[in-house]
Amino acid sequence: MGNDMREIFDVIIVGAGPAGASAAYRLAQQRVKVLVIERGMAPGAKNMMGGRIYTHSLEQLIPDFRERAPLERQVVKERISIASGKEMTTIEYTGSDIPQDEESYVVLRATFDKWLAEEAEQQGALIISNVQVTELITEGEGKKQRVTGVRCDADEVYAKMVIIAEGANTVLLEQAGLMESTDPRSMAVGVKEVYKLKKEDIDNRLMLTGNQGMAWLTLGDMTDGLLGGGFIYTNKDSVSVGMVVGLEDIGSAKHSIDDMLGAFTSHPSIAPLLKNGQLKEHSAHLVPEGGYESMPKLGGLGYLIIGDAARMCMNLGYTIRGMDLAIQSGICAAEAINIGLRDENMDKVPKMYEKQVKNCWLGKDLKRYRKMPKFLATHPRVFDTYPEFVNSMMRDVFTVNGNGAESLMKKLWRRVNTVGVFTLIRDAWKGVRSL
């Protein structure tokens, strides 16, 4: 890059993850001059979270993605487990004939993000990797502060609009005073491992066939009673296993997050799945967990914020969504910019973008589940008391010995009393309301 390139590009995008690449794809389709700057060696090189993508927004962007995208397996089996000690209670659902707009797939971010960025390149976007944006270039102060470009060490590049897709670690935005310092209560730290396994072993151990895949979410005492849980996603010939724990309290936990992941992978219900698996990858990353209530202002003069940088992620306990939100945010940003370029009025773009997000499913879903993060964060019983309660109750239900039969209601009532009837009712009501 030259030392000073003034508005050679219409749009600069910082970050080539799903959000940034989607915005670049849609903009380049409209012959907008787009530059994407990615600090990793290649798109996807630094993206370790994710693993499952609900494809409705990707289909809107690239209708024939099923024929070309590097998809691992289609998720047809869902498992939700509650663990305590060496016990685990599991609910499993297997679907069939899933409508296309309801499909989800497991992906490996290193290959998927690279493919999506290449799709944007084929549309005409310029993507530069292994270059780090060190600073946003701004003019003016206060409400009149405008982002005019980016600085990459000694190099400067200018554009009519800068899209910030830098991910959960919003260094550039905070440095420029465009976003408040990250609240640790709205963030989590995630660690993930990928184990190489034979396809037949994965299929046999999880009762899968062909391209069938599974998503398995677990909560319990492996997180030391902290907000978080474990996840497992099945790839073609590997398994992604991870742990996500709230950032605010991780420093005061009895165990490190790596130790928590070790407790998860060695659990008697998990370890057989990973038997003879070869560890191929170990990585960690920040994850936005605050949802709607933690979202910043989505843009201002000369800039828009999309994807994880805008805290667009939802952890509902039974499913985690991020990639479909990121792609949709990129689409919304691109459509707002296209209108601004057409009308030669870029100052109206931020409000148009916020309006598009608010009026489409993205804003509506985030708002609908806005109470869930607070409920999970303020009810630690979900992660310590209730796992023991559920497994003890199930143990009682299925116990048969020579001491004489005991009525089912007596067994259940004994366990309910260990928590408290009113506590159970109150927590259940609050949990339902948050959904």
Side-chain angles (χ1 to χ4, degrees), residues 10-38 40 42-45 47 49-76 98-129 163 165 167 211 213 215 233 235-236 304 306-310 312-313 321-339 341 353 356-357 360-363 365:
D10 295 315
V11 180
I12 297 171
I13 301 175
V14 182
S22 297
Y25 183 98
R26 181 54 59 88
L27 287 166
Q29 272 188 322
Q30 300 298 319
R31 302 295 181 263
V32 176
K33 291 179 287 185
V34 184
L35 170 65
V36 183
I37 304 176
E38 166 59 39
N47 296 330
M49 294 309 290
R52 179 181 189 175
I53 177 172
Y54 293 89
T55 56
H56 57 104
S57 55
L58 180 59
E59 185 167 25
Q60 180 184 344
L61 186 72
I62 306 175
D64 63 342
F65 75 91
R66 293 176 183 82
E67 284 74 54
R68 297 184 289 110
L71 306 173
E72 293 294 312
R73 293 176 182 243
Q74 183 182 358
V75 177
V76 298
I98 301 173
Q100 284 195 344
D101 64 344
E102 298 176 9
E103 287 179 350
S104 66
Y105 290 84
V106 179
V107 297
L108 292 168
R109 290 290 299 275
T111 54
F112 179 83
D113 288 13
K114 185 174 182 291
W115 168 81
L116 188 55
E118 288 172 349
E119 291 291 309
E121 281 186 307
Q122 290 176 17
Q123 295 295 324
L126 175 61
I127 299 180
I128 299 177
S129 299
I163 298 178
N211 191 44
Y233 297 121
N235 308 309
K236 289 179 180 177
L304 303 177
I306 64 176
D308 279 4
M312 293 176 178
C313 188
R321 294 174 57 188
M323 294 180 72
D324 61 323
L325 279 66
I327 291 172
Q328 187 65 39
S329 70
I331 293 172
C332 288
E335 291 178 348
I337 289 172
N338 282 329
I339 296 173
L341 289 171
Y353 168 54
Q356 291 211 26
V357 169
C360 77
W361 64 265
L362 171 58
D365 283 9

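Keep in mind it's a predicted model, so treat the numbers as computed, not measured.
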Worksheet item: Between Tyr105 and Leu58, is a side chain to side chain contact (heavy atoms under 4.5 Å, CB included) present by the stated rule, with each step listed?
Response: CA-CA 11 Å; Tyr105 290 84; Leu58 180 59; over 6 Å; no
Practice prompt. Check the pair Tyr233, Glu72 against side chain to side chain contact (heavy atoms under 4.5 Å, CB included), reporting the backbone distance first and the verdict last.
Written response: CA-CA 10 Å; Tyr233 297 121; Glu72 293 294 312; over 6 Å; no
Worksheet item: After noting the C-alpha distance and the side-chain angles of Leu71 and Phe65, does the key distance pass the side chain to side chain contact (heavy atoms under 4.5 Å, CB included) rule?
Response: CA-CA 9 Å; Leu71 306 173; Phe65 75 91; 4.0 Å; yes
Practice prompt. Under the side chain to side chain contact (heavy atoms under 4.5 Å, CB included) rule, what do Leu61 and Glu119 come out as? Steps first, then yes or no, please.
Written response: CA-CA 11 Å; Leu61 186 72; Glu119 291 291 309; over 6 Å; no
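The CD atom of Glu335 lies 5.5 Å from the CZ atom of Arg26; values are rounded to the nearest 0.5 Å. In this structure, the separation between CD on Gln30 and CD on Gln123 is 10.0 Å, given to the nearest 0.5 Å. Taking CG of Leu341 as the reference point, atom CZ of Arg31 lies at 14.5 Å (rounded to 0.5 Å). The OG atom of Ser57 sits 10.5 Å away from the CD1 atom of Ile62 when rounded to the nearest 0.5 Å. Distance check: Met323 CE to Ser104 OG gives 11.5 Å after rounding to the nearest 0.5 Å. Summarising the geometry, atom CG belonging to Leu116 is positioned 6.0 Å from atom CD1 belonging to Ile327; distances are rounded to the nearest 0.5 Å.
When side chains are defined from C-beta on, Asp365 counts as touching Arg321, because their heavy atoms get closer than 4.5 Å. A 4.5 Å side-chain heavy-atom check between Leu27 and Asn338 finds at least one atom pair inside the cut-off. By the 4.5 Å heavy-atom criterion applied to side chains, Val107 and Trp115 are not counted as neighbours.
When all heavy atoms of Ala326 and Pro18 are compared, the closest pair comes out as CB-CB, 4.3 Å. In terms of heavy-atom proximity, Cys313 sits nearest to Leu325 at N-CD2, 3.9 Å. The heavy-atom pair separating Gln100 from Arg66 by the smallest distance is O-NH2, 3.2 Å. The two residues Leu362 and Gln328 have their closest heavy-atom pair at CB-CG, 4.0 Å. For Asp324 against Tyr54, the heavy-atom pair with the smallest separation is CB-O, 3.3 Å. For Ile306 against Ala165, the heavy-atom pair with the smallest separation is CG1-CB, 3.7 Å.
For the pair Ser129 (side chain) and Glu38 (backbone), a donor-acceptor distance under 3.5 Å is absent.
Of the residues listed (Ile163, Val36, Ile37), the one engaging Ile12 in a side-chain contact (heavy atoms from CB on, under 4.5 Å) is Ile37, and it is the only one.
Evaluation of the side-chain hydrogen bond (donor to acceptor under 3.5 Å, both in side chains) rule for Asn235 yields Ser238, Ser240 as partners, not counting sequence neighbours.
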